[in-house]
Amino acid sequence: MYDNQTVISRGRESVLETNKVIRNTYSLLSMTLLFSALMAFVGTVIHISPMVSLISSFGAMGLLWFVLPRTAQSAAGIGVVFAITGLLGLGLGPMLNHYLAMSHGGQLVMTSLGGTGVIFLGLSGYALTTRKNFSFMAGFLMVGLLVVVLASLGNIFFLIPALQLAISAAVIMLMAGFILFETSQLIHDPNANYIMATASLYLSILNIFTSLLQILGVFGRDD
Amino acid sequence: MDTGLKILSAILLIGMLVFIFPRMRHALQNAPKGTRQDWLGYIIPLAAVVGFIIFLILMVKH
(Lines give C-alpha, C1' and ligand atoms only; values in the text may rest on other atoms or scores of the structure.)
Protein backbone atom coordinates (compact mmCIF):
# COMPACT_ATOMS: atom_id res chain seq x y z
CA MET A 1 0.00 0.00 0.00
CA TYR A 2 2.75 2.39 1.06
CA ASP A 3 4.79 1.38 -2.02
CA ASN A 4 1.84 2.03 -4.33
CA GLN A 5 1.33 5.49 -2.83
CA THR A 6 5.04 6.27 -3.26
CA VAL A 7 4.93 5.20 -6.90
CA ILE A 8 1.80 7.30 -7.58
CA SER A 9 3.33 10.28 -5.78
CA ARG A 10 6.60 10.01 -7.72
CA GLY A 11 4.68 9.57 -10.96
CA ARG A 12 2.68 12.72 -10.20
CA GLU A 13 5.87 14.63 -9.35
CA SER A 14 7.39 13.54 -12.65
CA VAL A 15 4.30 14.67 -14.61
CA LEU A 16 4.30 18.02 -12.78
CA GLU A 17 8.00 18.47 -13.51
CA THR A 18 7.42 17.64 -17.20
CA ASN A 19 4.53 20.11 -17.37
CA LYS A 20 6.72 22.77 -15.77
CA VAL A 21 9.48 22.25 -18.35
CA ILE A 22 6.94 22.39 -21.21
CA ARG A 23 5.31 25.53 -19.77
CA ASN A 24 8.67 27.26 -19.27
CA THR A 25 9.80 26.31 -22.78
CA TYR A 26 6.69 27.68 -24.49
CA SER A 27 6.70 30.86 -22.36
CA LEU A 28 10.35 31.57 -23.19
CA LEU A 29 9.80 30.59 -26.83
CA SER A 30 6.89 33.01 -27.26
CA MET A 31 8.89 35.86 -25.65
CA THR A 32 11.97 35.18 -27.80
CA LEU A 33 9.82 34.99 -30.94
CA LEU A 34 8.29 38.39 -30.14
CA PHE A 35 11.74 39.84 -29.47
CA SER A 36 13.10 38.32 -32.66
CA ALA A 37 10.17 39.76 -34.66
CA LEU A 38 10.90 43.18 -33.17
CA MET A 39 14.57 42.91 -34.15
CA ALA A 40 13.58 41.72 -37.66
CA PHE A 41 11.37 44.83 -37.91
CA VAL A 42 14.33 47.00 -36.85
CA GLY A 43 16.52 45.20 -39.41
CA THR A 44 14.06 45.92 -42.23
CA VAL A 45 13.45 49.55 -41.22
CA ILE A 46 17.13 50.51 -40.97
CA HIS A 47 17.94 48.43 -44.10
CA ILE A 48 20.91 46.54 -42.67
CA SER A 49 23.33 45.26 -45.31
CA PRO A 50 23.75 41.53 -46.11
CA MET A 51 27.24 41.73 -44.57
CA VAL A 52 25.85 43.00 -41.23
CA SER A 53 23.21 40.25 -41.44
CA LEU A 54 25.91 37.61 -41.91
CA ILE A 55 28.00 39.03 -39.05
CA SER A 56 24.98 38.94 -36.74
CA SER A 57 24.42 35.28 -37.77
CA PHE A 58 28.07 34.57 -36.91
CA GLY A 59 27.54 36.21 -33.51
CA ALA A 60 24.39 34.16 -32.90
CA MET A 61 26.09 30.89 -33.90
CA GLY A 62 29.07 31.68 -31.65
CA LEU A 63 26.74 32.25 -28.70
CA LEU A 64 24.76 29.11 -29.56
CA TRP A 65 27.80 26.83 -29.80
CA PHE A 66 30.16 28.20 -27.16
CA VAL A 67 28.18 30.25 -24.59
CA LEU A 68 24.70 28.69 -24.35
CA PRO A 69 25.84 25.17 -23.36
CA ARG A 70 27.82 26.71 -20.45
CA THR A 71 25.02 29.01 -19.27
CA ALA A 72 21.92 26.89 -19.94
CA GLN A 73 21.71 25.71 -16.32
CA SER A 74 21.63 29.25 -14.94
CA ALA A 75 19.49 32.38 -15.34
CA ALA A 76 22.22 33.83 -17.57
CA GLY A 77 21.11 31.33 -20.20
CA ILE A 78 17.85 33.28 -20.64
CA GLY A 79 19.82 36.41 -21.57
CA VAL A 80 21.94 34.37 -24.00
CA VAL A 81 18.82 32.94 -25.71
CA PHE A 82 17.44 36.47 -26.11
CA ALA A 83 20.77 37.60 -27.59
CA ILE A 84 20.80 34.66 -30.05
CA THR A 85 17.21 35.19 -31.18
CA GLY A 86 17.67 38.96 -31.38
CA LEU A 87 20.76 38.63 -33.59
CA LEU A 88 19.09 36.05 -35.83
CA GLY A 89 15.97 38.23 -36.05
CA LEU A 90 18.08 41.26 -37.00
CA GLY A 91 19.82 39.11 -39.63
CA LEU A 92 16.46 38.53 -41.35
CA GLY A 93 16.38 42.21 -42.39
CA PRO A 94 17.90 41.96 -45.92
CA MET A 95 15.87 38.83 -46.77
CA LEU A 96 12.61 40.45 -45.65
CA ASN A 97 13.44 43.66 -47.54
CA HIS A 98 14.08 41.59 -50.69
CA TYR A 99 10.67 39.89 -50.51
CA LEU A 100 8.83 43.01 -49.35
CA ALA A 101 10.09 44.78 -52.49
CA MET A 102 8.20 42.24 -54.67
CA SER A 103 4.75 43.19 -56.01
CA HIS A 104 2.82 41.27 -53.30
CA GLY A 105 5.76 40.68 -50.99
CA GLY A 106 3.83 41.64 -47.86
CA GLN A 107 1.31 38.89 -48.59
CA LEU A 108 4.15 36.37 -49.14
CA VAL A 109 5.81 37.26 -45.83
CA MET A 110 2.53 37.08 -43.91
CA THR A 111 1.59 33.76 -45.58
CA SER A 112 4.99 32.30 -44.64
CA LEU A 113 4.62 33.58 -41.10
CA GLY A 114 1.12 32.15 -40.73
CA GLY A 115 2.15 28.89 -42.41
CA THR A 116 5.10 28.52 -40.05
CA GLY A 117 2.81 29.10 -37.07
CA VAL A 118 0.34 26.45 -38.28
CA ILE A 119 3.14 23.90 -38.95
CA PHE A 120 4.76 24.49 -35.54
CA LEU A 121 1.50 24.38 -33.57
CA GLY A 122 0.30 21.32 -35.50
CA LEU A 123 3.51 19.35 -34.96
CA SER A 124 3.89 20.36 -31.31
CA GLY A 125 0.24 19.52 -30.69
CA TYR A 126 0.75 16.13 -32.36
CA ALA A 127 3.84 15.31 -30.26
CA LEU A 128 2.22 16.51 -27.02
CA THR A 129 -1.11 14.74 -27.49
CA THR A 130 0.21 11.42 -28.82
CA ARG A 131 3.16 11.50 -26.34
CA LYS A 132 5.15 9.42 -28.84
CA ASN A 133 8.89 9.15 -28.22
CA PHE A 134 10.77 10.42 -31.29
CA SER A 135 14.26 9.83 -29.86
CA PHE A 136 14.83 7.15 -32.55
CA MET A 137 15.01 9.99 -35.09
CA ALA A 138 18.19 11.57 -33.66
CA GLY A 139 20.63 9.87 -36.06
CA PHE A 140 18.40 10.39 -39.11
CA LEU A 141 17.93 14.09 -38.32
CA MET A 142 21.64 14.72 -37.78
CA VAL A 143 22.58 12.94 -41.04
CA GLY A 144 19.87 14.95 -42.85
CA LEU A 145 21.23 18.17 -41.37
CA LEU A 146 24.75 17.30 -42.48
CA VAL A 147 23.56 16.58 -46.04
CA VAL A 148 21.57 19.84 -46.17
CA VAL A 149 24.55 21.89 -44.92
CA LEU A 150 26.83 20.21 -47.50
CA ALA A 151 24.31 20.92 -50.29
CA SER A 152 23.98 24.55 -49.12
CA LEU A 153 27.75 24.88 -49.12
CA GLY A 154 27.90 23.67 -52.72
CA ASN A 155 25.08 25.95 -53.78
CA ILE A 156 26.83 29.07 -52.45
CA PHE A 157 29.25 28.71 -55.37
CA PHE A 158 27.13 26.93 -58.02
CA LEU A 159 23.89 28.95 -57.47
CA ILE A 160 21.48 26.38 -58.96
CA PRO A 161 17.88 27.61 -58.40
CA ALA A 162 16.39 24.08 -58.50
CA LEU A 163 18.91 22.92 -55.88
CA GLN A 164 18.02 25.92 -53.70
CA LEU A 165 14.35 24.93 -53.93
CA ALA A 166 15.18 21.31 -53.06
CA ILE A 167 17.28 22.47 -50.08
CA SER A 168 14.41 24.66 -48.82
CA ALA A 169 11.97 21.74 -49.09
CA ALA A 170 14.43 19.40 -47.32
CA VAL A 171 15.01 21.98 -44.55
CA ILE A 172 11.26 22.19 -43.85
CA MET A 173 10.98 18.38 -43.65
CA LEU A 174 14.03 18.19 -41.37
CA MET A 175 12.91 21.01 -39.11
CA ALA A 176 9.47 19.38 -38.84
CA GLY A 177 11.34 16.30 -37.58
CA PHE A 178 13.35 18.41 -35.14
CA ILE A 179 10.15 19.95 -33.72
CA LEU A 180 8.69 16.46 -33.14
CA PHE A 181 11.99 15.25 -31.67
CA GLU A 182 12.52 18.23 -29.37
CA THR A 183 8.91 18.27 -28.16
CA SER A 184 9.03 14.55 -27.37
CA GLN A 185 12.32 15.11 -25.50
CA LEU A 186 10.49 17.62 -23.27
CA ILE A 187 8.09 14.84 -22.31
CA HIS A 188 10.42 11.83 -22.15
CA ASP A 189 13.86 13.16 -21.19
CA PRO A 190 14.10 13.72 -17.41
CA ASN A 191 17.16 15.96 -17.98
CA ALA A 192 15.43 18.20 -20.52
CA ASN A 193 16.52 21.83 -20.18
CA TYR A 194 13.94 24.44 -21.17
CA ILE A 195 16.57 27.00 -22.27
CA MET A 196 18.26 24.56 -24.68
CA ALA A 197 14.84 23.35 -25.87
CA THR A 198 13.76 26.94 -26.53
CA ALA A 199 16.88 27.63 -28.61
CA SER A 200 16.38 24.42 -30.59
CA LEU A 201 12.67 25.05 -31.25
CA TYR A 202 13.38 28.68 -32.17
CA LEU A 203 15.96 27.58 -34.77
CA SER A 204 13.48 25.08 -36.25
CA ILE A 205 10.79 27.76 -36.50
CA LEU A 206 13.21 30.29 -38.04
CA ASN A 207 14.44 27.76 -40.61
CA ILE A 208 10.89 26.74 -41.54
CA PHE A 209 9.93 30.42 -41.96
CA THR A 210 12.92 31.32 -44.18
CA SER A 211 12.60 28.15 -46.28
CA LEU A 212 8.85 28.56 -46.71
CA LEU A 213 9.39 32.18 -47.72
CA GLN A 214 11.91 31.07 -50.36
CA ILE A 215 9.55 28.42 -51.74
CA LEU A 216 6.54 30.74 -51.80
CA GLY A 217 8.76 33.48 -53.26
CA VAL A 218 9.63 31.22 -56.22
CA PHE A 219 6.07 30.04 -56.87
CA GLY A 220 4.44 33.39 -56.11
CA ARG A 221 6.51 35.41 -58.60
CA ASP A 222 4.56 37.32 -61.23
CA ASP A 223 6.89 36.45 -64.18
CA MET B 1 26.24 37.70 -53.82
CA ASP B 2 29.76 39.15 -53.81
CA THR B 3 32.84 37.03 -53.17
CA GLY B 4 33.36 38.28 -49.59
CA LEU B 5 29.81 37.28 -48.63
CA LYS B 6 30.22 33.90 -50.33
CA ILE B 7 33.44 33.17 -48.46
CA LEU B 8 31.96 34.24 -45.10
CA SER B 9 28.81 32.14 -45.72
CA ALA B 10 31.01 29.16 -46.61
CA ILE B 11 33.02 29.61 -43.38
CA LEU B 12 29.76 29.69 -41.38
CA LEU B 13 28.55 26.48 -43.05
CA ILE B 14 31.91 24.75 -42.57
CA GLY B 15 31.69 25.73 -38.89
CA MET B 16 28.25 24.11 -38.80
CA LEU B 17 29.68 20.91 -40.33
CA VAL B 18 32.43 20.81 -37.70
CA PHE B 19 29.78 21.30 -35.02
CA ILE B 20 27.31 18.76 -36.44
CA PHE B 21 29.68 15.89 -37.32
CA PRO B 22 30.56 14.63 -33.79
CA ARG B 23 26.92 15.00 -32.74
CA MET B 24 25.82 12.99 -35.76
CA ARG B 25 28.30 10.21 -34.94
CA HIS B 26 27.14 10.17 -31.30
CA ALA B 27 23.48 10.08 -32.35
CA LEU B 28 24.06 7.26 -34.85
CA GLN B 29 25.85 5.16 -32.22
CA ASN B 30 23.51 5.81 -29.29
CA ALA B 31 20.01 6.64 -30.55
CA PRO B 32 17.46 3.82 -30.23
CA LYS B 33 16.30 2.13 -33.43
CA GLY B 34 12.77 2.97 -34.54
CA THR B 35 10.18 0.33 -35.40
CA ARG B 36 7.95 0.47 -38.50
CA GLN B 37 5.19 1.87 -36.25
CA ASP B 38 7.55 4.58 -34.95
CA TRP B 39 8.46 5.72 -38.46
CA LEU B 40 4.78 5.72 -39.43
CA GLY B 41 4.21 8.14 -36.54
CA TYR B 42 6.73 10.47 -38.19
CA ILE B 43 5.57 10.04 -41.79
CA ILE B 44 1.90 10.88 -41.08
CA PRO B 45 2.52 14.41 -39.68
CA LEU B 46 5.19 14.95 -42.35
CA ALA B 47 2.68 14.12 -45.09
CA ALA B 48 0.29 16.63 -43.51
CA VAL B 49 3.06 19.28 -43.63
CA VAL B 50 3.73 18.51 -47.33
CA GLY B 51 0.01 18.79 -48.11
CA PHE B 52 -0.20 22.09 -46.25
CA ILE B 53 2.79 23.53 -48.15
CA ILE B 54 1.23 22.50 -51.48
CA PHE B 55 -1.94 24.28 -50.36
CA LEU B 56 0.08 27.44 -49.56
CA ILE B 57 1.85 27.27 -52.95
CA LEU B 58 -1.51 27.00 -54.75
CA MET B 59 -2.78 29.91 -52.67
CA VAL B 60 0.08 32.25 -53.64
CA LYS B 61 -0.04 31.16 -57.31
CA HIS B 62 -3.64 32.39 -57.73
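Each chain gets a letter, A, B and so on, in the order the sequences are listed, and its residues count up from 1. Please read all numbers here as calculations on a predicted model, not as lab measurements.
One distance of note links CD1 of B/Ile57 with CG of A/Leu216; it measures 6.5 Å at 0.5 Å rounding. Of the inter-residue distances, the one linking A/Leu64 atom CG with B/Met16 atom CE reads 9.0 Å to the nearest 0.5 angstrom. Rounded to the nearest 0.5 angstrom, B/Met59 CE and A/Thr111 OG1 are separated by 4.5 Å. Atoms CG and CG, on B/Leu46 and A/Leu180 in that order, are 8.0 Å from each other to the nearest 0.5 Å. In this structure, CZ in A/Phe157 is found 9.0 Å from OG1 in B/Thr3, a value given to the nearest 0.5 Å. Atom CG in A/Leu150 sits 5.0 Å away from atom CG in B/Leu17 (nearest 0.5 Å).
The closest side-chain heavy-atom distance from A/Met61 to B/Leu12 is below 4.5 Å. At a threshold of 4.5 Å between non-hydrogen side-chain atoms, the residues B/Val49 and A/Met173 count as touching. Residues B/Leu8 and A/Met51 form a side-chain contact, since some pair of their non-hydrogen atoms from C-beta on lies under 4.5 Å apart. B/Ile11 places a side-chain heavy atom less than 4.5 Å from the side chain of A/Phe58. Looking only at side-chain heavy atoms (C-beta outward), B/Asp38 and A/Lys132 stay at 4.5 Å or farther from each other.
For A/Phe134, the part sitting under 4.5 Å from any heavy atom of chain B is the side chain, from C-beta outward, and nothing else. Both the backbone and the side chain of A/Leu146 come within less than 4.5 Å of a heavy atom in chain B. Contacts of B/Tyr42 with chain A are made by both backbone and side-chain atoms, with heavy-atom separations under 4.5 Å. Only the backbone of B/Lys33 comes within less than 4.5 Å of a heavy atom of chain A; no side-chain atom from C-beta onward does.
Ring pair B/Trp39/A/Phe140: centre-to-centre distance below 6.0 Å.
A/Tyr126 places no side-chain N or O within 3.5 Å of a backbone atom of B/Ile44 that could act as its donor or acceptor partner.
Between B/Ser9 and A/Ile156, the shortest heavy-atom distance links the atoms CB-CD1, 3.5 Å. Scanning both residues, B/Ala31 and A/Ala138, for their nearest heavy atoms gives CB-CB, 3.9 Å. Residues B/Leu5 and A/Pro50 come closest through the heavy atom pair CD1-CB, 3.7 Å.
Heavy-atom neighbours of B/His26 NE2 from other residues, nucleotides or ligands within 6.0 Å: at or below the threshold of 12.
Contact tally against chain A (heavy-atom pairs below 4.5 Å) for B/Met24, B/Gln29, B/Arg23: the top residue is B/Met24.
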